[in-house]
Amino acid sequence: MVVPKRIMSILLLSIFMLQGCSKVTWANYDRVEMGMIKSDVEMILGKPDQCEAVIGTHSCIWGEQDGKFIKVSFIADRAAVITHGGLK
């Protein structure tokens, strides 16, 4: 099956646009609440870019800590500290 060039171009453009859509936004930061479980946070922000466990806490970062990011620290699987950087 041969796909016409116009349809192929539209499909490729759609894929690139979706990849560029970051969920690290001020609006999504506002949706994350204290006490949320990790799976609920992931429903809003997607899979985290990085996670680490330190002495009873589990912290995850969405985005780049040097740029635009949302960081959530979980205690007993519940969001306890929610911070951000670079959001406008």
Side-chain angles (χ1 to χ4, degrees):
M1 177 177 155
V2 177
V3 179
K5 287 184 180 181
R6 183 175 180 181
I7 293 174
M8 183 61 99
S9 296
I10 291 170
L11 288 172
L12 288 173
L13 180 61
S14 298
I15 290 169
F16 288 124
M17 288 177 66
L18 287 174
Q19 287 178 340
C21 295
S22 173
K23 290 190 172 192
V24 180
T25 64
W26 188 260
N28 283 340
Y29 171 78
D30 278 344
R31 293 177 58 201
V32 178
E33 298 178 3
M34 299 277 283
M36 281 185 155
I37 60 173
K38 187 176 181 224
S39 62
D40 288 342
V41 175
E42 287 180 347
M43 286 179 62
I44 296 169
L45 299 174
K47 292 288 182 189
D49 293 305
Q50 178 183 340
C51 289
E52 64 183 16
V54 178
I55 309 173
T57 66
H58 186 98
S59 297
C60 295
I61 295 176
W62 288 261
E64 299 289 329
Q65 195 154 9
D66 294 341
K68 187 167 77 167
F69 71 91
I70 296 173
K71 181 176 183 179
V72 181
S73 296
F74 299 90
I75 298 175
D77 197 39
R78 299 280 178 180
V81 179
I82 307 162
T83 59
H84 69 86
L87 299 181
K88 297 178 182 177

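For the numbers below, each heavy atom of this structure counts, side chains included, while hydrogens, waters and symmetry mates do not. Everything quoted here is computed from the prediction, not taken from an experiment.
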ask   = Atom CE of Met36 and atom CZ of Arg31: how far apart are they, to the nearest 0.5 Å?
value =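 Met36 atom CE to Arg31 atom CZ measures 7.5 Å (nearest 0.5 Å).
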message = I need the Leu45 CG to Lys23 NZ distance, nearest 0.5 Å.
response = 8.0 Å
inquiry  = Taking disulfide (SG to SG under 2.5 Å) as the cut-off, I'd like each qualifying pair that reaches into residues 54-88, sequence neighbours left out, listed once.
reply    = Cys51-Cys60
query = Rest of the hydrophobic cluster containing Ile55 (Ile/Leu/Val/Met/Phe/Trp/Tyr, side-chain heavy atoms under 4.5 Å)?
reply = Val54
Can you give me every donor-acceptor pair (side chain of residues 81-88, partner residue at least two apart or in another chain, under 3.5 Å) with its distance?
none

Which atom pairs, one a donor and one an acceptor, fall under 3.5 Å between side chains of residues 66-80 and the rest of the protein, sequence neighbours left out?
| residue | atom | partner | partner atom | Å |
| --- | --- | --- | --- | --- |
| Lys68 | NZ | Val24 | O | 3.4 |
| Ser73 | OG | Ser59 | OG | 2.9 |
| Arg78 | NH1 | Gly35 | O | 3.0 |

query = Does any non-hydrogen side-chain atom of Val41 lie less than 4.5 Å from one of Trp62?
reply =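 Sidechains of Val41 and Trp62: in contact.
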key: Test salt bridge (charged side-chain N to carboxylate O under 4.0 Å, His left out) applied to Glu64 - qualifying residues, sequence neighbours left out   =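 For Glu64 there are no salt bridge (charged side-chain N to carboxylate O under 4.0 Å, His left out) partners, ignoring immediate neighbours.
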inquiry  = Under the salt bridge (charged side-chain N to carboxylate O under 4.0 Å, His left out) definition, can you give me all pairs with a residue in residues 40-57, not counting sequence neighbours?
reply    = Lys38-Glu42, Glu42-Lys47
